[in-house]
Structures are given as C-alpha cells and as structure tokens.
*Asks:* 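Here you go, one structure.
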Amino acid sequence: MTADLKARLAALTPEQRALLRARLPQVRAARRKLTPSQLRLWDTRQWVADRPVDVVCQAVHLTGAPVDLDLLAERVLGFVAAHEALRTTFDSAGDGAGVRPVVHAQLPPRLIRTRCAGAEEAHARARELAAEPFDLASGPLLRVVLAAGATADEAWLLVVVPNLVFDAWSFELLLDALARPADTDPLPAPPFSDLAHAQRAWLDSAAGRAAAAYWAAEVADAPPPLPADRPRSTGTGRAGARVDFTLPRPVADGILAAAQREAATAYTGWLAVAWAALAEYGGRDDVLLGTFTAGRDRPGSTDAVGYLLNVLPVRLRDAGDGSHAARTRAARAATRSGLAHAAYPGELITERRRVPGTHPLLDAVFVFDNLGEATREIQGARVATADLDKGTARYDLTLAVYPGPDGARGWLEYDTELYEESTARRIVERFTALAEEAADSAARAEPGNGGPA
C-alpha cells in the first residue's frame with residue numbers, strides 16, 4: 001500500500017469507510033476471471049464431458065511410523081481455509097467466455113476416512129473418486145481420502161481435485177503443510193485471483209507484447225504433428241493409457257553428467273533424449289514439443305495454490321551431428337532463449353490451429369518432474385507419491401520422467417483413439433535405449449575411462 005493511498009483511506013469518514021467495506025466484495029468479484037490456462041481446461045471439460053482428463057489423482061503412501069489421521073484432517077481443513085483456490089467454484093451459463101470464479105468464505109473439502117489393505121486398493125479408490133463427476137458450480141472440488149493401512153505404521157493419503165484449481169506445485173504445497181512441525185505457523189498465502197489479475201495486466205505491458213512476438217516467431221512454420229496410427233479428424237474424447245518404464249541410477253547419473261558437461265541441467269539432458277526418440281519416430285529433426293513450467297515467477301506465487309502451470313512450446317530443430325551432446329547443446333539454447341518470456345500463457349501463442357482437439361498447438365508434451373526428488377516425512381513417516389493413470393490422455397502423447405534416488409521412472413501416456421499400444425511401446429523402447437546410450441557415452445568421456453583428463 002502506497003503512502004498516498006494510506007493518507008486517502010485515513011481521510012475517509014466513518015460512513016465512507018462502511019460504504020467501501022460493503023463494496024469491496026463486489027470489486028473483488030468483478031476482478032475474478034479465468035486465466036487463459038483455466039479457460040482451456042474449462043473448454044476441455046466441455047469437450048470430454050465427465051472424463052477426468054484434467055484431474056489431479058495422487059496417492060501418497062506413508063510408511064515407517066504411526067500417523068495421526070485426525071491431525072492430518074485438521075491440516076487439510078486449515079490448508080483449504082488458507083487458499084482461496086480450494087474454496088472456489090465456477091458459475092457459468094454454459095459459455096466459456098461467461099465463466100465466473102466464485103470464492104466462498106467457507107467450502108470444506110470432501111474428507112473420507114477408510115482403510116486400505118494395500119496399494120491396489122488405495123489406487124483403485126483414488127481412481128474411483130477421479131471418475132466421479134465434479135459439480136464445478138457447487139463444489140467442493142477437493143476430495144481427500146485418509147486411510148489407515150494394513151499395519152499400524154502405514155497410512156494412505158489420496159488427493160483428487162480438478163486442475164482448474166490445483167497443479168503439481170500446489171500438491172507440493174499441500175504436502176509441505178501436512179509435514180509442517182506442530183509448533184510453527186503456516187506462511188500467509190496470496191489469493192490466486194490477485195495473481196490472475198496481475199497476469200492480465202502483464203499481458204498488456206511492453207514485456208507481455210514482446211513475449212507474444214517472440215513466441216509467434218518461435219512457432220512460425222511449425223513442423224506437422226507427429227504421425228499417428230489413425231488420422232486426426234475433429235479431435236478425440238481423450239481416452240488414454242500409459243506405458244511405464246524405469247531406468248537404473250547409473251543411467252540417470254550419466255544423463256546428468258552429460259548435461260553438466262554442456263553447462264545444462266538434468267531437464268535439458270532428458271529433453272535431448274526425448275527429442276532424439278521422437279525425431280526418429282517422426283522421421284524429421286524439427287520437432288515441436290510442449291514443456292511444463294511452474295508459472296511461479298511473480299512475487300508471492302510460490303506460496304499460492306491454484307493452476308499456474310504453463311505449457312510452452314520448445315522448438316528443437318538443429319541437432320548438429322546428431323550426438324546426444326549436440327542435441328543437449330541445442331536443447332539448452334532453445335530452452336534458455338524462451339526463459340525471458342516464460343510468463344506468457346502458452347494458450348495464447350498460436351493464431352491458427354495446428355492439431356484438432358483440446359489444445360490448438362501441441363500434440364506431444366515432455367514432462368520432467370523433480371519436485372518429489374527430495375525425501376520428505378510426515379509425522380515421522382516416509383512419503384512416497386504416485387501420479388495415477390486414470391485412463392485418459394491430456395495430449396496425443398505425453399512423455400514423463402521422474403528422477404529419484406534409485407534412478408528414473410516415467411511413462412508415455414498416449415491417446416488410444418490415435419495410437420496403438422505397440423506404437424507407444426516402440427517409442428518407449430527407443431527412448432530408454434537412447435538414454436542408456438547417452439549415459440554410456442558420458443561414462444566413456446570421464447577422465448580415466450578414455451575421456452579427456
């Protein structure tokens with residue numbers, strides 16, 4: 001608050017103050033609008049009906065110590081009270097342009113207490129909750145299961161919530177809140193609607209206009225989408241499946257070492273492997289991939305719950321000699337050039353539709369998620385999370401990599417109306433083989449193994 005504004009408020013009469021307080025809720029409500037990302041999620045929901053395409057479905061396994069589920073329930077309730085996104089519903093006459101977020105003073109989550117004998121039962125319960133349609137107009141939108149496990153030192157936390165109000169970063173904030181020591185207070189959380197308003201203002205700024213021009217040039221003359229087993233016509237209903245994979249620690253370490261040798265990150269190293277696999281599959285080196293960014297660059301955004309995730313294109317096209325090192329350098333250059341413009345909503349980038357369906361620009365997306373790489377405990381119990389397959393596909397193809405202490409795991413999610421399982425498995429096999437080759441090359445390049453000293 002500026003000094004001028006403080007002086008103006010201090011000069012108000014009691015009647016003027018009362019009038020201002022009465023009008024503030026109306027002013028705040030008028031400022032609330034869907035972000036471009038939320039609007040795409042809303043449109044997708046109209047397209048796929050009640051299929052849980054854009055629904056977070058996480059299973060958290062707590063082991064090694066008894067867990068007080070009553071305390072967990074209190075923490076969940078406090079988390080919802082602190083974050084307006086989780087107390088938001090959506091009022092609409094059916095037209096996406098007329099959707100209006102409605103923030104409630106109180107909107108308790110749906111809390112379920114039960115018992116799960118094991119992972120199979122817990123995962124099935126989470127999928128059932130995700131498949132159950134959400135009433136976006138009435139809520140609540142957050143569904144949480146707190147389940148005792150098969151033994152006294154085991155428990156389950158299942159989290160199901162539409163992406164309209166929640167993303168991967170929000171999930172990490174929830175886990176942090178549940179793990180917070182009992183003698184500490186939670187940090188104040190900025191309202192999601194303030195961040196959405198700031199984004200709209202930024203789009204009209206010189207920086208926003210420069211970002212629009214940058215991304216328009218980046219996707220100009222974009223390559224065609226990757227080939228599919230069946231033709232893309234008017235889009236699909238987004239039914240999907242996944243092919244899982246795991247890679248051992250030496251491979252993950254090798255990808256990291258190779259990336260660091262090129263002054264790049266592990267994300268860039270894995271992106272280079274994904275590029276190689278998809279370029280080989282598609283028959284061309286010019287590949288346009290979507291990539292997830294946290295969208296947490298504005299002040300206060302790191303502490304806010306809500307859908308701030310941004311999906312931006314990365315244009316990969318100059319593979320040099322085709323080696324993993326050359327692809328890593330090119331991927332580093334491509335990603336770094338876009339960092340200055342990463343606040344621009346990906347949904348606004350293209351003026352023409354490249355692919356039919358739920359996203360106008362992107363058919364294939366690469367996900368690298370190392371948020372859960374560090375060990376975490378809740379009430380002394382070890383935390384292990386699983387992003388569950390709901391039988392849906394957010395894009396035609398999504399390749400996800402999750403590094404961890406034992407190596408890397410991941411999956412290729414594919415639209416079953418476009419791709420056969422055999423095709424998805426072939427892509428995964430090439431991806432894992434190329435990762436192993438890149439790691440072997442990195443190991444040979446180490447001093448003492450034939451590489452330069």
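Computed from a prediction, not measured in an experiment: that's the story for all the values here. These values consider heavy atoms only, across backbone and side chains, with no hydrogens, waters or symmetry-generated copies.
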*Asks:* Is the closest basic N to carboxylate O distance between Arg125 and Glu128 below 4.0 Å?
*Replies:*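 Salt bridge between Arg125 and Glu128, a charged N being under 4.0 Å from a carboxylate O: yes.
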*Asks:* To the nearest 0.5 Å, what is the distance between CD1 on Ile378 and CG on Leu62?
*Replies:* 5.5 Å
*Asks:* Yes or no on salt bridge (charged side-chain N to carboxylate O under 4.0 Å, His left out) for Asp321 and Arg327, after CA distance, side-chain angles and deciding distance?
*Replies:* CA-CA 8 Å; Asp321 62 7; Arg327 289 187 186 274; over 6 Å; no
*Asks:* To the nearest 0.5 Å, what is the distance between CG on Leu348 and OG1 on Thr35?
*Replies:* 9.5 Å
*Asks:* Do His324 and Glu262 come within less than 4.5 Å of each other through their side chains, counting heavy atoms only?
*Replies:* no
*Asks:* Any chance the rings of Trp156 and His61 have centres within less than 6.0 Å?
*Replies:* yes
*Asks:* Can you tell me if Lys390 uses its side chain to pair, donor with acceptor, with the backbone of Val55 under 3.5 Å?
*Replies:* yes
*Asks:* List the steps and the verdict of side chain to side chain donor-acceptor pair (under 3.5 Å) for Thr89 and His104.
*Replies:* CA-CA 8 Å; Thr89 57; His104 303 263; 2.7 Å; yes
*Asks:* Could you walk me through whether Arg426 and Glu280 pass salt bridge (charged side-chain N to carboxylate O under 4.0 Å, His left out), step by step?
*Replies:* CA-CA 11 Å; Arg426 188 165 67 251; Glu280 181 180 300; over 6 Å; no
*Asks:* So, does Thr416 use its side chain to make a donor-acceptor pair with the main chain of Ala239 at under 3.5 Å?
*Replies:*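 Side chain of Thr416 to backbone of Ala239: a pair is present.
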*Asks:* Step by step, work out the side chain to side chain donor-acceptor pair (under 3.5 Å) result for Tyr267 and Thr291.
*Replies:* CA-CA 10 Å; Tyr267 157 77; Thr291 185; 2.7 Å; yes
*Asks:* Without swapping roles, check the side chain of Trp202 against the backbone of Ala343 for a donor-acceptor pair under 3.5 Å.
*Replies:* no
*Asks:* Indicate yes or no: does Arg315 engage Asp286 in a salt bridge with an N to O separation below 4.0 Å.
*Replies:* yes
*Asks:* Specify the closest pair of heavy atoms between Trp42 and Leu136, including all atoms of both residues, with the distance to one decimal.
*Replies:*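 Answer, listing the atom of Trp42 first, then Leu136: CZ3-CD1, 3.6 Å.
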*Asks:* Give a yes/no verdict on a cation-pi contact between Arg143 and Phe134, requiring under 6.0 Å between NZ or CZ and the six-membered ring centre and an angle within 45° of the axis.
*Replies:*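 Yes, Arg143 and Phe134 form such a contact.
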*Asks:* Would you say the ring centers of Phe245 and Phe431 fall short of 6.0 Å from each other?
*Replies:*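 Yes: the rings meet the under 6.0 Å criterion.
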*Asks:* Looking only at atom types and distance, does a side-chain atom of Asp303 sit under 3.5 Å from a main-chain N or O of Pro190, one as donor and one as acceptor?
*Replies:* no
*Asks:* Please examine the side chains of Arg296 and Leu195, heavy atoms only from C-beta on, and report whether any two atoms are closer than 4.5 Å.
*Replies:*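 A side-chain contact under 4.5 Å is absent here.
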*Asks:* Within the distance-only criterion (no hydrogens, no angle test), does the side chain of Ser138 pair as donor or acceptor with the backbone N or O of Asp135 below 3.5 angstrom?
*Replies:* no
*Asks:* Do the rings of His359 and Tyr395 sit parallel, tilted or perpendicular, given the 30° and 60° boundaries?
*Replies:* tilted
*Asks:* Hey, could you give me the CD/CZ distance between Glu437 and Arg430, rounded to the nearest 0.5 Å?
*Replies:*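 It is 6.0 Å, given to the nearest 0.5 Å.
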*Asks:* Can you tell whether the side chains of Arg394 and Asp54 come within less than 4.0 Å, N to carboxylate O?
*Replies:*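 So Arg394 pairs with Asp54 through a salt bridge.
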*Asks:* Are the side chain of Glu218 and the backbone N or O of Tyr214 linked by a donor-acceptor pair below 3.5 Å?
*Replies:* no
*Asks:* Are the side chains of Val102 and Phe90 in touch, meaning some heavy atoms are under 4.5 Å apart?
*Replies:*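 Side-chain contact under 4.5 Å: no.
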*Asks:* Say whether, by atom type as modelled, one donor and one acceptor occur between the side chain of Arg354 and the main chain of Leu361 under 3.5 angstrom.
*Replies:* yes
*Asks:* For the pair Phe368 and Phe366, name the ring-plane relationship: parallel under 30°, tilted 30 to 60°, perpendicular over 60°.
*Replies:*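 If you compare the ring of Phe368 with that of Phe366, the planes turn out parallel.
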*Asks:* I'd like to know if the side chain of Trp215 reaches the main chain of His341, judged simply by a donor and an acceptor atom lying under 3.5 Å from each other, with no hydrogens or angles considered.
*Replies:*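 Such a contact is found between Trp215 side chain and His341 backbone.
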*Asks:* Are any side-chain N or O atoms of Arg409 and backbone N or O atoms of Leu247, one a donor and one an acceptor, separated by less than 3.5 Å?
*Replies:*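 No; zero donor-acceptor contacts below 3.5 Å.
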*Asks:* Taking side chain as C-beta onward, heavy atoms only, is Phe79 less than 4.5 Å from Leu178?
*Replies:* no
*Asks:* Is the CZ atom of Arg115 crowded by more than 12 outside heavy atoms at less than 6.0 Å?
*Replies:* no
*Asks:* Going by an N to O cut-off under 4.0 Å, is there a salt bridge joining Glu420 and Arg425?
*Replies:* no
*Asks:* Decide side-chain contact (heavy atoms from CB on, under 4.5 Å) for Trp169 and Leu309; before the verdict, give the C-alpha distance in whole Å, the side-chain angles of both, and the deciding distance to 0.1 Å.
*Replies:* CA-CA 8 Å; Trp169 192 286; Leu309 185 77; over 6 Å; no
*Asks:* Just how far is it from atom CZ of Phe192 to atom CD of Gln38, taken to the nearest 0.5 Å?
*Replies:*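 So the gap between those two atoms works out to 4.0 Å.
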*Asks:* Any salt bridge between Asp406 and Arg249, counting N to O under 4.0 Å?
*Replies:* no
*Asks:* Between the side chains of Asp415 and Arg238, is the shortest nitrogen-to-carboxylate-oxygen separation below 4.0 Å, so that they form an ion pair?
*Replies:* yes
*Asks:* Atom CZ of Arg230 and atom OG1 of Thr236: how far apart are they, to the nearest 0.5 Å?
*Replies:*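 With rounding to 0.5 Å, CZ (Arg230) is 10.5 Å from OG1 (Thr236).
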*Asks:* Assess whether a salt bridge exists between Arg40 and Glu347, defined as any Lys/Arg side-chain N lying under 4.0 Å from an Asp/Glu carboxylate O.
*Replies:*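 Answer for the salt bridge query: yes.
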*Asks:* Would you say that more than 12 heavy atoms from the other residues, nucleotides or ligands in this model lie under 6.0 Å from the CG of Asp318, or not?
*Replies:* no
*Asks:* In sequence, state the C-alpha distance, the side-chain angles, and the governing distance for Val273 and Thr432, and then conclude on side-chain contact (heavy atoms from CB on, under 4.5 Å).
*Replies:* CA-CA 9 Å; Val273 178; Thr432 55; over 6 Å; no
*Asks:* Got Leu175 and Leu157 here, is their nearest side-chain heavy-atom distance under 4.5 Å?
*Replies:* yes
*Asks:* So Glu84 and Ser193, side chain to side chain donor-acceptor pair (under 3.5 Å) or not? Walk me through it.
*Replies:* CA-CA 8 Å; Glu84 75 165 33; Ser193 55; 2.8 Å; yes
*Asks:* Tell me whether Asp176 is salt-bridged to Arg75, with the criterion being a basic N under 4.0 Å from an acidic carboxylate O.
*Replies:*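 No, Asp176 and Arg75 are not salt-bridged.
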*Asks:* Is there side-chain contact between Asp396 and Tyr419, with at least one heavy-atom pair below 4.5 Å?
*Replies:* yes
*Asks:* Would you please test Ser441 and Arg444 for side chain to side chain donor-acceptor pair (under 3.5 Å) and show each step?
*Replies:* CA-CA 5 Å; Ser441 297; Arg444 288 195 299 271; 3.2 Å; yes
*Asks:* Decide yes or no on side-chain contact (heavy atoms from CB on, under 4.5 Å) for Val367 and Thr398, but give the supporting numbers first.
*Replies:* CA-CA 7 Å; Val367 178; Thr398 301; 3.8 Å; yes
*Asks:* Is a donor on one side and an acceptor on the other found under 3.5 Å between the side chain of Glu417 and the backbone of Gly237?
*Replies:* yes
*Asks:* Decide yes or no for Val99 and Asp91: does some side-chain heavy atom of the first lie under 4.5 Å from some side-chain heavy atom of the second?
*Replies:*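 Of all side-chain heavy-atom pairs linking Asp91 with Val99, none is under 4.5 Å.
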*Asks:* Quick one: are Val159 and Phe171 in side-chain contact, heavy atoms under 4.5 Å?
*Replies:*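 A side-chain contact under 4.5 Å exists here.
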*Asks:* Mind checking the CG-CG spacing from Leu107 to Leu86? Nearest 0.5 Å is all I need.
*Replies:*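 Going from the CG atom of Leu107 to the CG atom of Leu86 covers 9.0 Å.
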*Asks:* Can you see which heavy atom on Ala59 is nearest to which on His123, and at what distance?
*Replies:* CB-CD2, 3.6 Å
*Asks:* Of Leu289, Leu226, Leu418, which is the lone residue that meets side-chain contact (heavy atoms from CB on, under 4.5 Å) with Asp363?
*Replies:* Leu226
*Asks:* Can you give me the closest heavy-atom contact between Val305 and Ser170, atom names plus distance?
*Replies:*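 For Val305 versus Ser170, the nearest heavy atoms are CA-OG, 3.6 Å.
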